[in-house]
Novice: 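Dumping the structure here so I can ask a few things about it.
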Amino acid sequence: MSAVPAASFRDAELAFGHRTLWSGLNLEIEPGEYVAVLGGNGTGKTSLLRVLLGLQPLSSGTVHVAGQAVRRGSAEIGYVPQQRAFDDRTPLRGRDLVGLGIDGHRWGPRILGRKAHRERVNTLVERVGALEYADAPIGQLSGGEQQRLRVAQALAMDPSLLLFDEALLSLDLHRQSQLAQLVAEQRDRTGAAVFFVTHDVNPIIDDVDRVLYLANGSFRVGTPAEVLRSDVLSELYGARVEVMNVAGRVLVVGAEIVDHCHPPTTPEEVTR
Amino acid sequence: MSWEMVIDEVFVFERYGDLLVLLQNSIWAGALIGLVGGLIGTFVMMRDMAFSVHGIAELSFAGGAIALLIGSDLVTGSLMGSIIAAVIIGIVGAQSRESNSVVGVLMPFGLGVGILALALYQGRSSNRFALLTGQIVSVNDVQLVSMAVLSAVVMAGLLIIWRPLSFASTDPFVAQARGLPVRTLSIVFMLLLGVAVALSVQIIGALLVLALLISPAAAAMNFSASPVKIVVLSVVFAETAMVGGILLALGGALPISPYVTTISFLIWVVSWVARRRRRSRGRAVVSESGSGDHSTTGSAPGRTVTVAGN
């Protein structure tokens with residue numbers, strides 16, 4: 001298989017004014033590879049996703065998705081955002097949310113091909129095991145159910161790259177592990193690469209192939225065992241950071257203090 | 001005034017057939033803005049912009065009143081007023097926190113300017129408050145044609161941006177990730193809304209525009225979460241209120257707005273009660289059975305979904 005990388009960064013740098021979030025980023029993500037993006041607030045995790053989505057230009061370097069230069073609205077990318085509570089009255093059912101992932105970007109109302117559309121939605125909904133509540137108003141579903149539907153929405157275009165932006169945040173532990181399992185299943189089934197931004201690697205740590213750890217204007221890439229080590233992260237942070245394995249969970253102690261020393265200017269907030 | 005006299009004043013059906021013919025333009029005009037209001041109202045609700053609509057209506061009133069004062073065309077005046085307001089709100093960002101304060105500032109200013117213009121106006125006094133509270137304007141053929149053209153513009157515009165606007169309104173983050181021009185869509189929508197509001201102000205008056213642009217869509221949303229059903233119901237409710245209101249108001253000397261607002265309020269009350277009853281069935285919520293969507297999946301309609309954590 002002459003694999004075109006699902007995504008590749010070459011000498012990529014992102015800076016806002018004087019602040020360099022990361023630079024010298026060379027990273028190739030193979031098809032089907034699962035990469036966790038870790039780091040504190042304001043280290044440019046979400047900006048990294050925005051770069052891949054074509055919403056944020058790099059300061060320098062290049063970035064490709066599925067062998068092509070990034071552009072807005074690429075059908076190669078599926079995107080799952082952080083769960084935000086839908087208003088109780090949001091005029092959508094679960095299936096409509098998924099349907100928007102299929103053709104929500106097209107102009108005009110959906111007049112032709114309604115039957116094919118419905119079948120496609122059903123297939124996607126079934127794939128994530130959400131048939132039971134697909135017809136309920138989205139605002140009445142739990143956060144976990146909404147995120148499941150969002151995964152179906154992201155899979156709508158058969159993307160080769162799936163982006164998750166803190167998709168587990170505000171879910172309880174049980175739902176987190178369910179969703180993590182679903183993501184791993186879909187990765188295996190579709191062969192899509194996964195780029196998972198999270199502040200807590202534990203729910204997905206068994207699925208992850210590599211970790212991209214952003215901190216302090218720099219980064220480390222490697223397998224979880226290579227990166228999530230006290231000496232590696234201490235060097236990255238330039239301060240003493242302790243990585244501990246407690247009851248099967250990885251805890252990074254000390255990093256939160258260093259991260260919070262940065263002024264909380266989140267560039268993604270500014271550009272929105 | 002005794003109760004009977006009030007009733008006699010409110011419901012007048014003398015020489016109804018003649019009036020029906022005489023005022024058929026008004027009925028057509030009402031049917032047009034019912035259609036436009038019902039359609040665009042669903043997006044107004046989706047984007048949670050009821051307050052902005054009110055602000056636009058007040059500036060539309062000011063524009064109309066100024067046009068009346070300087071002897072210019074009333075429709076053009078109110079159109080200019082509402083488009084200026086819509087663009088200002090659109091630039092500030094209709095969903096931003098700032099927009100509420102901007103609307104809150106624009107609204108009394110618009111009303112004040114409008115009242116000043118009306119106070120200075122020397123013409124027929126019956127025209128004066130029509131812009132605020134509505135009336136059966138004797139819509140002539142030229143006006144009807146211009147209303148039809150503007151309605152067609154709003155509806156064509158809405159149809160073109162229908163899906164992207166639905167996407168951007170309900171799921172802005174993913175819509176942006178999919179490459180949709182969320183901000184441009186928002187401004188285009190505000191322009192269409194401005195035109196729709198100006199149209200409605202002609203017939204129902206600035207103060208009561210919400211009865212046409214909010215209540216029908218809000219009622220529809222109480223009945224369903226299916227986008228198609230909501231649009232259909234919203235238009236049906238808006239037409240019922242608008243055309244029904246005009247038909248009831250035809251015989252008397254009262255403005256049409258009390259009739260329209262009452263019908264649209266009653267529809268909303270029924271929808272609200274229906275929603276409450278649906279939701280209070282224990283801790284479970286019966287989901288929408290969908291528009292036949294189940295047939296392909298083989299799952300049973302009326303399935304019960306338990307809402308966790310509520």
Side-chain angles (χ1 to χ4, degrees), chain A residues 49-50 53-55 71-75 77-82 84 86-87 89-97 99-101 103-110 114-115 118-119 121-122 125-126 131-145 150 153-154 157 163 165 172 272, chain B residues 42-43 45-46 48 158-181 217-218 220-222 224-231 234 275 279 285-299 301-310:
Chain A
L49 296 190
R50 290 176 58 83
L53 287 166
L55 298 172
R71 60 184 176 86
R72 285 183 68 151
S74 166
I77 298 180
Y79 173 74
V80 177
Q82 184 186 327
R84 289 178 185 80
F86 277 98
D87 185 85
R89 283 162 192 276
T90 304
L92 287 183
R93 297 161 301 174
R95 61 170 55 253
D96 301 314
L97 186 78
L100 286 173
D103 63 3
H105 59 290
R106 299 242 172 97
W107 301 105
R110 187 184 301 128
R114 294 185 72 89
K115 189 162 182 286
R118 196 158 56 227
E119 278 161 13
V121 170
N122 282 332
V125 165
E126 200 162 15
L131 264 185
E132 216 177 316
Y133 43 82
D135 287 306
I138 191 92
Q140 293 177 11
L141 299 179
S142 73
E145 289 165 340
R150 286 204 169 284
Q153 184 192 40
M157 306 296 280
L163 306 181
D165 191 1
D172 59 46
R272 246 188 61 211
Chain B
T42 60
F43 285 106
M45 286 304 294
M46 214 185 262
D48 199 12
L158 272 185
L159 284 180
I160 291 170
I161 61 173
W162 195 276
R163 264 182 292 182
L165 186 63
S166 307
F167 203 170
S169 304
T170 51
D171 199 5
F173 290 94
V174 178
Q176 197 188 30
R178 289 286 288 141
L180 285 179
M221 283 176 196
N222 281 340
S224 180
S226 147
V228 175
K229 277 193 200 164
I230 286 172
V231 171
S234 174
R275 181 189 171 87
R279 295 212 63 180
V285 176
V286 178
S287 74
E288 300 285 324
S289 56
S291 43
D293 293 354
H294 284 285
S295 53
T296 45
T297 68
S299 63
R303 167 187 298 280
T304 303
V305 174
T306 339
V307 177
N310 275 0

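So you know, we letter chains A, B, ... as the sequences are listed, proteins then strands, and number each from 1.
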Novice: Applying salt bridge (Lys or Arg N to Asp or Glu O under 4.0 Å) as the test, list every pair that has at least one member in residues 162-176 of chain B; sequence neighbours left out.
Specialist: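 Sorted result for residues 162-176 of chain B: Asp103(A)-Arg163(B), Arg150(A)-Asp171(B).
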
Novice: Has the side chain of Glu145(A) got a donor or acceptor atom that lies under 3.5 Å from a matching backbone atom of Ser142(A)?
Specialist: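 Yes, Glu145(A) side chain to Ser142(A) backbone: donor-acceptor pair under 3.5 Å.
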
Novice: Calculate, to the nearest 0.5 Å, the distance between atoms OG1 and CG belonging to Thr90(A) and Asp48(B) respectively.
Specialist: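 Between atom OG1 of Thr90(A) and atom CG of Asp48(B) there are 9.5 Å.
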
Novice: Under the side chain to side chain donor-acceptor pair (under 3.5 Å) test, which residues partner Arg106(A), sequence neighbours left out?
Specialist: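 Expected list: none.
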
Novice: At a 4.5 Å cut-off on heavy atoms, which part of Glu126(A) comes close to chain B: side chain, backbone, both, or neither?
Specialist: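 Neither; nothing under 4.5 Å.
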
Novice: Are Asp96(A) and Ile138(A) close enough that some pair of their side-chain heavy atoms sits under 4.5 Å apart?
Specialist: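 Not in contact.
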
Novice: Let's test your reading of the structure: which of Gln82(A), Gln153(A), Met157(A), Arg84(A) forms the most heavy-atom pairs below 4.5 Å with chain B?
Specialist: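 Highest number of heavy-atom pairs under 4.5 Å: Arg84(A).
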
Novice: Leu100(A) versus chain B, heavy atoms under 4.5 Å apart: side chain, backbone, both or neither?
Specialist: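 Its backbone and side chain both get close to chain B.
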
Novice: Identify which part of Ile161(B) has an atom lying under 4.5 Å from any heavy atom of chain A, answering side chain, backbone, both or neither.
Specialist: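 Answer is both: backbone and side chain atoms of Ile161(B) are under 4.5 Å from chain A.
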
Novice: Which bit of Leu97(A) comes within less than 4.5 Å of chain B, counting heavy atoms only: side chain, backbone, both or neither?
Specialist: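 For Leu97(A), side-chain heavy atoms alone lie under 4.5 Å from chain B.
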
